[in-house]
Asker: 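Right, I'll just put the structure down here and ask away after.
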Amino acid sequence: MSTPVRFFEEEFVPYGRHPASEYAVVKTSREGILRSVADEVSDLVGLTDNEIAYVLGMTPRNLHRIQGEKRLGTDASERLLLLRNVLIHALDTFEGKEHVVRHWLRTPIVELNEQSPLQMMDTVTGFGLVDRVLGRLDYGLPA
């Protein structure tokens with residue numbers, strides 16, 4: 001079993017764990033993430049196939065063409081890891097309530113220029129903006 005899979009098996013706990021470090025994201029992205037992990041990440045809060053494909057920067061059809069044991073490219077792997085980190089942060093912020101996280105991800109937010117967190121996560125910068133909104137919520141500041 002390769003390192004990226006072992007990384008997820010050991011660390012992939014949706015609530016009560018810390019997100020992967022930036023160095024782990026870089027290292028694991030370069031190695032590539034198995035396509036099957038995309039399903040595991042989307043299952044954290046029940047993202048649809050269209051939503052996960054959008055975040056990964058591909059069409060749902062192209063995502064489905066990739067077999068589970070194949071690796072995603074560096075960009076898609078990085079986005080998947082960043083999505084995982086945001087979902088873990090959101091689950092922590094909203095005390096593990098998946099339905100609340102799911103609703104929050106799809107709701108336009110003033111601080112995100114009236115876009116939903118999911119809409120923002122089509123770029124790496126957008127992931128950072130979404131994470132900052134969660135950080136503000138963590139400290140009771142207006143999001």
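FYI, side chains are in, hydrogens and waters are out, and symmetry mates aren't considered; it's all heavy atoms of this structure. Heads up: numbering here begins at 1 and tracks the sequence.
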Asker: Would you call Arg84 and Glu40 a salt bridge, using N to O less than 4.0 angstrom?
Answerer: no
Asker: With a 4.5 Å limit on heavy-atom distance, are the side chains of Val25 and Glu78 in contact?
Answerer: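 They are in contact (side-chain heavy atoms under 4.5 Å apart), so the answer is yes.
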Asker: From Leu134 CG over to Trp104 CH2, what is the distance, rounded to the nearest 0.5 angstrom?
Answerer: 3.5 Å
Asker: With a cut-off of 6.0 Å (strictly less than), are more than 12 heavy atoms of other residues, nucleotides or ligands near NE2 of His64?
Answerer: yes
Asker: Same cluster or not: are Leu80 and Val124 linked, directly or through other Ile, Leu, Val, Met, Phe, Trp or Tyr residues, by side-chain heavy atoms under 4.5 angstrom apart?
Answerer: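 Both belong to a single hydrophobic cluster.
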Asker: Do Leu137 and Phe94 come close enough that some side-chain heavy atom pair is under 4.5 Å?
Answerer: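 Counting from C-beta outward, Leu137 and Phe94 do come under 4.5 Å.
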Asker: How close do His89 and Gly135 get, counting heavy atoms only, and between which atoms?
Answerer: CE1-N, 3.7 Å
Asker: What do you reckon, is CZ of Arg30 surrounded by more than 12 foreign heavy atoms closer than 6.0 Å?
Answerer: no
Asker: Nearest heavy-atom pair of Leu83 and Met121: which atoms, and what distance?
Answerer: CD1-CE, 4.0 Å
Asker: Out of curiosity, Arg65 CZ to Lys70 NZ, how far, rounded to the nearest 0.5 Å?
Answerer: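 The NZ atom of Lys70 is 15.0 Å from CZ of Arg65, to the nearest 0.5 Å.
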Asker: Give me the atom names and distance for the closest heavy-atom approach of Leu105 to Pro117.
Answerer: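 Residues Leu105 and Pro117, closest heavy atoms: O-CD, 3.3 Å.
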Asker: Which atoms form the tightest heavy-atom contact between Pro108 and Glu114, and what is the distance?
Answerer: CB-O, 3.4 Å
Asker: Quick one: are Val86 and Phe127 in side-chain contact, heavy atoms under 4.5 Å?
Answerer: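 The answer is yes, as the side chains (C-beta and beyond) meet within the 4.5 Å cut-off.
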Asker: If you take all heavy atoms of Gly32 and Arg71, which pair is closest and at what distance?
Answerer: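 Scanning both residues completely, I find the closest heavy atoms to be O-NH1, 3.1 Å.
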Asker: Could you tell me the separation between the CD atom of Gln119 and the CD atom of Glu51, rounded to the nearest 0.5 Å?
Answerer: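 Going from the CD atom of Gln119 to the CD atom of Glu51 covers 10.5 Å.
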Asker: Check for a donor-acceptor pair, side chain of Arg79 on one end and backbone N or O of Asp122 on the other, with a separation under 3.5 Å.
Answerer: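 Yes, because the side chain of Arg79 sits within donor-acceptor range (under 3.5 Å) of the backbone of Asp122.
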Asker: About how many Å separate OG of Ser21 and CG of Leu81, when rounded to the nearest 0.5 Å?
Answerer: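 It comes to 10.0 Å.
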Asker: Show the nearest heavy-atom pair for residues Gly46 and Arg102, with the distance to one decimal.
Answerer: O-CD, 3.9 Å
Asker: Let me see the working for Leu91 and Glu98 under side-chain contact (heavy atoms from CB on, under 4.5 Å), right down to the final yes or no.
Answerer: CA-CA 7 Å; Leu91 284 165; Glu98 295 175 24; 4.0 Å; yes
Asker: For residues Arg35 and Leu63, determine if any side-chain heavy atom of one lies less than 4.5 Å from a side-chain heavy atom of the other.
Answerer: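 They are in side-chain contact.
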Asker: I'd like to check the side chain to side chain contact (heavy atoms under 4.5 Å, CB included) partners of Ser42; sequence neighbours left out, ordered by chain and number.
Answerer: Leu47, Ile52
Asker: Quick one: CG on Leu118 to CG on Asn50, what's the gap to the nearest 0.5 Å?
Answerer: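 Nearest 0.5 Å value for the CG-CG distance: 11.5 Å.
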Asker: Exactly one of Leu82, Leu34, Ile33, Val37 should register a side-chain contact (heavy atoms from CB on, under 4.5 Å) with Ser77. Which one does?
Answerer: Ile33
Asker: Side chains of Asp131 and Asn85, heavy atoms from C-beta outward: is any pair under 4.5 Å?
Answerer: no
